[in-house]
Amino acid sequence: MTRRPLLARRPAMTVRVRFAPSPTGYLHIGGVRTALYAWLWARQRGGQFVLRIEDTDVERNTDDAVQVILDAMRWLGLDWDEGPEVGGPHGPYFQSQRLDLYRAWADKLVEAGHAYRCFATKEEIQAQREAYEKEHGSKGFRFRSPWRDRTDGDRTQPHVVRFKTPEPREPGEKIGWDDLVYGRVEYPLDQQQDFVLLRHNGLPLYNFGCFVDDHTMGITLVTRGDDHLVNTPMQLMLYDALGLPRPQLAHLPMVLDDRGKKLSKRSKDVGVAVLDYRDAGYLPDGLLNYLARLGWSHGDEEIFTREELIAKFDWANVGKTASRWDKKKLAHVQGTHLRRLDDADLGERVVPFLRQRGLEVAPNDPRLLAAIAPVKLRATTLADLAADLDYFFRDDDALEYDEKGKRKFLKPEFAGNLERLAAIVESAEPFDEATLEAATTGWMEEAGLAMKHVAQPARVALTGRTRSPGLFETIVLLGRERAVARLRRGAALAQAVA
RNA sequence: GGCCCCAUCGUCUAGUGGUUAGGACAUCGGCCUCUCACGCCGGUAACAGGGGUUCGAAUCCCCUUGGGGUCACCA
């Protein structure tokens, strides 16, 4: 195999990495991990992160789908230095706008004798395939074009441009590379076929477009999923044919669903679309932290801020094994990030989720900030947070009661306790937790009541739920007037059951 | 099937010839306790199998098995 200049001998250059999604209607969570590692690498090394849209499959792509990608990347905070809407010196960043470039490179390859115009029809190819299969079985067919060594075709007729795969110069010759994740990877050269560069309509195929773009955009490290491992020899042959320096390569193991199957839209219980996580109230940093740890590790550390990820990420500690999506671990990591945010920040973020519930609350409302502190210990996502904040902002008469809680605790036998507690709340002076608790426990001791017999009915009356922050904390957060009203309303409801 | 990749607790992983195989999530106990969480303490739980190499193998080599990927004028 031809020896190209080794990367190590090239002058030190700034890191240029890219993420090249295809606009399919949603941004795949597995793709995001690939993007994340590339982004982390660029940020750590002070390089550039390029976003390129691979939209040559016209039938599958839509404009809206591009916007989905951009929205998702922005939400995640994976900002790009070059690409859609920000431009850059190597644009355009949509493959559909680079068709002239592909044509020019294809011409260059044809002129240099590394590619040829193939006028074989689908029928011819099919006939050859059938003849092969008759003799060798249904697998391993490689098309040998009669046009491989001809240059007399009529260019005005429909044709494709095929790469002229070099013949092995010795039996068993391989083409390979040193992968940053997998180490040495090699494929037998004689297994490669004359793959198509340009379709009859002039649109480039993946391997060709990818090569032209990566090269002309100055990409120094190509990152992608390991499902692309088999594509790499084709792209490398293109670099080699033209004597161009190869980029470094890093293939990432797949992210599988919870059953160990390739993650797809059909995977149950696993959201593959990034924006779904946004809508479900996940934090970008929580999702990114989980994703980073899925396939990469840094000793025993589990929780990383974005800055820590940038500082600590390295290719040496990226594993080779496919990993499964674990919703529960994601929830844990996400919850940890949620709890670490300060109350004011959470206030800003939770407002849209409250609005979804029909509650208009100002992000700087002191009542909101006060309630967030205890509630965030009980939430995983912003949606959870909003749900647990709900009863603090719901009108007293619009409070909804958990059915089971109501049945169990808003019963006649507790009505008296609720009335009594209401009286205590009404008269407690000063109105604070300590005073309320002292007054309540004093009464309970006299009456021989256990806390749980008072607290649970009161909790349902005050919040409609069977779980909430501490009783006295909740009362203070609600305020004297609303707490009393809710307790009395609860007492009335309890009485009415009879 | 050909080719390629992979293989440590249920899951994510640490481990790079000598460790009681560590951590995290989950799970199971316990503490805290007015509920639910948070937090804290503790337990169960893994080197796929077989051959080598070596004084010594989770670590190196081979085979088997298992899993995954890919075989387009999709990406």
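By convention in this document, chain letters (A, B, ...) are assigned in the order of the sequence lines, proteins followed by strands, and residues within each chain are numbered from 1.
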Colleague: Looking at Phe211(A), Trp105(A), Phe208(A), Phe195(A), which one forms a ring-ring contact (aromatic ring centres under 6.0 Å, His included) with Phe163(A)?
Modeller: Phe195(A)
Colleague: Do any side-chain nitrogens or oxygens of Arg142(A) fall under 4.0 Å of OP1 or OP2 in rG2(B)?
Modeller: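 It does not, given that no N or O in the side chain of Arg142(A) lies less than 4.0 Å from OP1 or OP2 of rG2(B).
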Colleague: Side chain of Leu205(A) only, please: which of rC3(B), rA75(B), rU13(B) is the nearest?
Modeller: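 The listed nucleotide nearest to Leu205(A)'s side chain is rA75(B).
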Colleague: Given atom OH of Tyr132(A) and atom P of rC71(B), what is their separation to the nearest angstrom?
Modeller: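 After rounding, the gap between these two atoms is 16 Å.
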Colleague: So, is Ser323(A) close to the rU13(B) phosphate, meaning a side-chain N or O under 4.0 Å from OP1 or OP2?
Modeller: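 The answer is yes; a side-chain N or O of Ser323(A) sits under 4.0 Å from OP1 or OP2.
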Colleague: Does rU27(B) have OP1 or OP2 sitting under 4.0 Å from an N or O in the side chain of Lys329(A)?
Modeller: no
Colleague: Separation of His298(A) atom NE2 from rG15(B) atom C1', in whole Å?
Modeller: 15 Å
Colleague: Does Arg199(A) have a side-chain nitrogen or oxygen under 4.0 Å from the phosphate oxygens OP1 or OP2 of rA75(B)?
Modeller: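 The answer is yes; a side-chain N or O of Arg199(A) sits under 4.0 Å from OP1 or OP2.
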Colleague: It should be established whether Thr56(A) places a side-chain nitrogen or oxygen under 4.0 Å from OP1 or OP2 of nucleotide rA75(B).
Modeller: yes
Colleague: Taking the six-membered ring for Trp, are Trp296(A) and Phe304(A) closer than 6.0 Å centroid to centroid?
Modeller: yes
Colleague: Classify the side chain of Arg339(A) and the base of rC38(B) as holding, or not holding, a donor-acceptor pair under 3.5 Å.
Modeller: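 No, the side chain and the base share no sub-3.5 Å donor-acceptor pair.
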Colleague: Answer yes or no: does a side-chain N or O of Thr466(A) lie under 4.0 Å from OP1 or OP2 of rC36(B)?
Modeller: no
Colleague: Name the nucleic acid region contacted by Arg324(A), choosing base, sugar-phosphate or nothing; use a 4.0 angstrom heavy-atom cut-off, strictly under.
Modeller: sugar-phosphate
Colleague: Who does rC25(B) pair with, Watson-Crick or G-U, both distances under 3.5 Å?
Modeller: rG10(B)
Colleague: Grab the two heavy atoms, one from Asn207(A) and one from Leu238(A), that are nearest each other, plus how far apart they are.
Modeller: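 Here Asn207(A) and Leu238(A) meet closest at O-CD1, 4.1 Å.
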Colleague: Which base sits across from rU70(B) as a Watson-Crick or G-U pair, both distances under 3.5 Å?
Modeller: rG2(B)
Colleague: Hey, does Gly209(A) reach any base, or is it just sugar-phosphate, or nothing, if we go heavy atoms under 4.0 Å?
Modeller: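 Result for Gly209(A) = nothing.
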Colleague: How about Tyr116(A) and Asp194(A): does a side-chain donor come under 3.5 Å of a side-chain acceptor?
Modeller: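 Per modelled atom types, Tyr116(A) and Asp194(A) side chains form a pair under 3.5 Å.
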Colleague: Please pick, from rC4(B), rU13(B), rG69(B), the nucleotide with the shortest atom-to-atom distance to any side-chain atom of Lys262(A).
Modeller: rG69(B)
Colleague: Which is more 5' along RNA chain B, the nucleotide nearest Thr321(A) or the one nearest Ser297(A)? Just name the residue.
Modeller: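 The residue whose closest nucleotide sits nearer the 5' end is Thr321(A).
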Colleague: Under 4.0 angstrom, heavy atoms only, what part of the nucleic acid is Pro469(A) near: base, sugar-phosphate, or nothing?
Modeller: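 Result for Pro469(A) = base.
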Colleague: Quick check against the 3.5 Å criterion: does Asp257(A) have a side-chain atom that pairs as donor or acceptor with the backbone of Lys261(A)?
Modeller: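 The answer is yes, because a donor-acceptor pair under 3.5 Å joins these two groups.
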Colleague: For Lys452(A) and for Ala322(A), find the nucleotide of RNA chain B with the closest heavy atom, then tell me which residue's nucleotide is more 5'.
Modeller: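 Closer to the 5' end of RNA chain B: Ala322(A).
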Colleague: Using whole Å, what does the distance between atom P of nucleotide rG22(B) and atom CD of Glu302(A) come to?
Modeller: 16 Å
Colleague: Describe the nucleic acid contact of Asn231(A) in one word from base, sugar-phosphate, nothing, applying a heavy-atom distance below 4.0 Å.
Modeller: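 Since a base atom lies under 4.0 Å of Asn231(A), the category is base.
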Colleague: Under a 3.5 Å cut-off for both contacts, is rA45(B) paired Watson-Crick or G-U wobble with anything, and if yes, with which nucleotide?
Modeller: none
Colleague: Could you tell me how far apart Asn289(A) (CG) and rU13(B) (C1') are, to the nearest whole angstrom?
Modeller: 14 Å
Colleague: Taking any heavy-atom pair under 4.0 Å as a contact, classify His228(A): base, sugar-phosphate, or nothing.
Modeller: base
Colleague: What about Asn317(A): does its side chain form a donor-acceptor pair under 3.5 Å with the base of rA14(B)?
Modeller: no
Colleague: Looking for any heavy atom pair under 4.0 Å, which part of the strands does His200(A) touch: base, sugar-phosphate only, or nothing?
Modeller: base
Colleague: Could you let me know what rC32(B) is paired to, Watson-Crick or G-U wobble, both distances under 3.5 Å, or none if it's on its own?
Modeller: none
Colleague: State whether Lys261(A) places a side-chain N or O below 4.0 Å from either non-bridging phosphate oxygen (OP1 or OP2) of rG68(B).
Modeller: yes
Colleague: Under 4.0 Å: is that the gap between some side-chain N or O of Ser468(A) and OP1 or OP2 of rU35(B)?
Modeller: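 Result: no.
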Colleague: Give one of base, sugar-phosphate or nothing for Val160(A), where a contact means two heavy atoms less than 4.0 Å apart.
Modeller: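 Since a base atom lies under 4.0 Å of Val160(A), the category is base.
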Colleague: Mind checking if Ala373(A) touches a base, just sugar-phosphate, or nothing, with heavy atoms under 4.0 Å?
Modeller: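 Ala373(A): no heavy atom of the nucleic acid under 4.0 Å.
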Colleague: For the pair Thr474(A) (side chain) and Pro469(A) (backbone), establish whether a donor and an acceptor sit closer than 3.5 Å, ignoring hydrogens and angles.
Modeller: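 Yes: the side chain of Thr474(A) pairs with the backbone of Pro469(A).
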Colleague: Paired with rA75(B) by Watson-Crick or G-U wobble geometry, both distances under 3.5 Å: which nucleotide is it?
Modeller: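 No nucleotide pairs with rA75(B).
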Colleague: Quiz question: going by heavy-atom distance under 3.5 Å, is there a donor-acceptor pair between the base of rG23(B) and the side chain of Glu301(A)?
Modeller: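 Absent.
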